[in-house]
Visitor: 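Can you keep this structure in mind? I'll have questions shortly.
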Protein chains: 2
Amino acid sequence: MSQPGESLRDRKKRRTRAALERATVRLAAERGYDHVTVEEIAAEADVSVRTFFNYFASKDEALIGADPEAGPRMAERILAAPDDVTPFQAYRDSILAEITDELNNARDLWLLRKDVLMQRPDLLVRAFANSAEYEQLLASAVGQRAGLPESHLYPRLLVAAGSAAFRCAVTRWALDDSVALGDVVGDALDLFGTGLAHVPHHHEGGTS
Amino acid sequence: MSQPGESLRDRKKRRTRAALERATVRLAAERGYDHVTVEEIAAEADVSVRTFFNYFASKDEALIGADPEAGPRMAERILAAPDDVTPFQAYRDSILAEITDELNNARDLWLLRKDVLMQRPDLLVRAFANSAEYEQLLASAVGQRAGLPESHLYPRLLVAAGSAAFRCAVTRWALDDSVALGDVVGDALDLFGTGLAHVPHHHEGGTS
DNA sequence: CTGCAAAGTTGCACTCACTGCAAAACTATC
DNA sequence: GATAGTTTTGCAGTGAGTGCAACTTTGCAG
């Protein structure tokens with residue numbers, strides 16, 4: 001939880017950010033996303049409204065609370081993968097790593113978010129819209145590994161497939177969480193991997 | 001252009017809607033999306049601000065101007081396809097049909113949108129967020145044809161792949177429009193069809 | 001043509017997300 | 001404990017978006 005070389009300042013910042021994220025999710029789950037104002041969230045987290053916007057560019061962003069370093073981290077991971085790993089596998093691994101990490105740190109928040117996102121599925125799409133800049137970063141990493149020219153569709157498409165997989169997995173998981181979210185995302189990515197041209201067979205507990 | 005059984009009222013509505021869409025795209029391309037206010041758009045189209053919001057729920061929506069009947073139309077088309085057509089093919093055809101239609105009616109607008117979307121790629125993502133409700137509709141249609149239970153990932157994933165394909169295709173087409181947008185979308189969908197596990201070969205004018 | 005009902009338009013008042021700026025509070029460092 | 005760098009905050013303002021009630025236009029029937 002608390003890093004070694006972390007100053008008081010950094011610790012406070014992390015705490016405030018986390019408090020705002022928690023407050024947003026908690027209140028939204030309780031009262032419904034658009035019956036909660038930023039003012040209330042800020043009050044709940046004991047900071048001013050202005051400070052809320054120092055941490056998050058929008059209410060949407062605070063609800064999802066995406067780690068701004070996740071994008072760069074994934075890109076690095078993709079580039080660092082061994083040579084015999086395909087770009088697809090590298091990207092798949094980087095996604096699953098982030099997700100398991102996230103769930104280990106904040107599983108409870110995702111259980112609350114689930115309810116909010118079931119009411120407002122568009123918020124999940126918007127969350128990815130906010131990080132549209134990072135898509136470019138990831139696409140470059142994939143493209144580099146794949147040895148494809150900047151103009152090729154494949155990298156962009158693979159990255160977009162990742163968002164789509166995550167999004168669909170959450171929606172699906174929200175309806176029935178008997179399979180862990182990470183596993184559903186994995187299944188979704190595998191479907192993208194083998195192709196959607198043909199309808200997959202419908203077998204029960206398909207975790208892998 | 002003008003339908004047969006269309007009253008004066010309906011004609012006026014269509015004209016107003018089109019005028020608002022045009023004004024939004026034109027001004028956004030000219031000055032940049034967020035240096036244009038709804039007030040200016042409404043003025044350009046000779047209606048009140050309030051009327052703007054009678055036609056579009058948000059500025060985003062007006063920029064993309066997605067036909068609200070496109071979703072239902074596609075769903076119908078999917079269900080109406082012959083039995084020997086796979087859900088994938090049926091969905092692919094329904095997308096391409098809409099796109100060719102749209103480009104035939106408003107190619108000029110897309111040339112302007114291109115510039116706006118290059119500056120603000122997130123707007124394209126947001127556009128799909130707005131029509132997140134229709135995703136459910138399309139997923140049901142796909143699921144029905146595929147004979148899969150409501151809970152299965154495949155329909156949702158296929159539909160999301162469609163959005164992703166369109167989105168990536170537009171981004172790619174914005175950088176280099178030597179290949180028609182419809183063809184790029186087709187290529188993207190084919191990649192999803194055959195699977196992303198392996199990097200595709202890079203051949204030049206791949207229209208089909 | 002007239003008058004009535006339905007649909008569309010508008011203005012108004014309001015809420016709320018979000019931004020820039022400058023002052024105040026706080027933390028780190030020497 | 002003074003000083004420099006960061007973070008927090010208040011304030012004033014912009015602009016998106018909504019509900020409501022009045023007003024205008026269109027459709028239609030007598």
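A, B, ... follow the sequence lines: proteins, then strands. Residue 1 opens every chain. Quick note: numbers below take in every heavy atom, side chains included, and nothing from hydrogens, waters or symmetry partners.
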Visitor: Just the rounded figure in Å: distance from P of dA25(C) to CG of Asn54(A).
Guide: 17 Å
Visitor: Kindly say if Ser58(A) contacts the phosphate of dA17(C), meaning a side-chain N or O under 4.0 Å from OP1 or OP2.
Guide: no
Visitor: Check Glu102(A) with Arg113(A), please: is the shortest side-chain N to carboxylate O separation under 4.0 Å?
Guide: yes
Visitor: Ignoring the backbone of Ser7(B), work out which of dA17(C), dG27(D), dA28(C) is nearest its side chain.
Guide: dG27(D)
Visitor: Nearest to the side chain of Val47(B), which nucleotide is it out of dT27(C), dT10(C), dA16(D)?
Guide: dT10(C)
Visitor: Whole Å only: how far is the CD1 atom of Ile41(B) from the C1' atom of dG17(D)?
Guide: 13 Å
Visitor: Report yes or no: does Tyr91(A) contribute a side-chain atom to a donor-acceptor pair with the main-chain N or O of Ala139(A) at less than 3.5 Å?
Guide: no
Visitor: Evaluate the side-chain contact (heavy atoms from CB on, under 4.5 Å) criterion for residues Arg73(B) and Asp67(B): first the C-alpha distance (whole Å), next the side-chain angles of each, then the deciding distance (0.1 Å), finally the verdict.
Guide: CA-CA 10 Å; Arg73(B) 213 158 43 214; Asp67(B) 184 348; 3.2 Å; yes
Visitor: Report the nucleotide, chosen from dT10(C), dA7(C), dT9(D), that has the shortest atom-to-atom distance to any side-chain atom of Thr51(A).
Guide: dT9(D)
Visitor: For the side chain of Phe53(B), counting heavy atoms from C-beta on, which of dA28(C), dA16(D), dG8(C) is nearest?
Guide: dA16(D)
Visitor: With a 4.0 Å limit, can you tell me whether Tyr55(A) has a side-chain N or O closer than that to the phosphate oxygens OP1/OP2 of dT8(D)?
Guide: yes
Visitor: Please determine, for the side chain of Arg9(B), which listed nucleotide (dT9(D), dG8(C), dA28(C)) has the closest atom?
Guide: dG8(C)
Visitor: Using a 4.0 Å heavy-atom cut-off across all strands, classify Val49(A) as base, sugar-phosphate, or nothing.
Guide: nothing
Visitor: Let's test your reading of the model: under 3.5 Å, does the base of dT9(C) pair with the side chain of Arg50(B) as donor and acceptor?
Guide: no
Visitor: Is it the case that atom CD in Glu133(B) sees more than 12 heavy atoms from other parts of the structure closer than 6.0 Å?
Guide: yes
Visitor: Is it true that Lys13(B) and Glu6(B) have a side-chain N and a carboxylate O under 4.0 angstrom from each other?
Guide: no
Visitor: Quickly work out the Lys59(A) NZ to dA16(D) P distance and round it to whole Å.
Guide: 18 Å
Visitor: Starting from the C-alpha separation in whole Å, work towards a yes-or-no answer on side chain to side chain donor-acceptor pair (under 3.5 Å) for Asp60(B) and Ser58(B).
Guide: CA-CA 5 Å; Asp60(B) 296 7; Ser58(B) 67; 4.8 Å; no
Visitor: Can you see if the side chain of Ser48(A) gets near the phosphate of dT9(D) - specifically, an N or O under 4.0 Å from OP1 or OP2?
Guide: yes
Visitor: Which one is paired to dG30(D), where only Watson-Crick or G-U wobble pairs with both distances under 3.5 angstrom count?
Guide: dC1(C)
Visitor: Which whole-number value in Å describes the distance from Asp10(A) CG to dT27(C) P?
Guide: 12 Å
Visitor: What's the closest nucleotide to the side chain of Thr37(B) if the choices are dT9(D), dA7(C), dG15(D)?
Guide: dG15(D)
Visitor: Calculate the interatomic distance between Glu39(A) atom CD and dG10(D) atom P; express it in whole Å.
Guide: 11 Å
Visitor: Looking at dG8(C), I'd like to know if its phosphate oxygens (OP1 or OP2) sit under 4.0 Å from a side-chain N or O belonging to Lys13(B).
Guide: yes
Visitor: Give the rounded distance in Å between these two atoms: CG of Asp34(A) and C1' of dA16(D).
Guide: 15 Å
Visitor: So which nucleotide from dT8(D), dT26(D), dA16(D) ends up closest to the side chain of Lys12(B)?
Guide: dT26(D)
Visitor: Let me know the distance between CZ of Arg15(A) and C1' of dT7(D), rounded to the nearest Å.
Guide: 16 Å
Visitor: Once you round it to whole Å, what is the distance between C1' of dA17(C) and CZ of Arg126(A)?
Guide: 13 Å
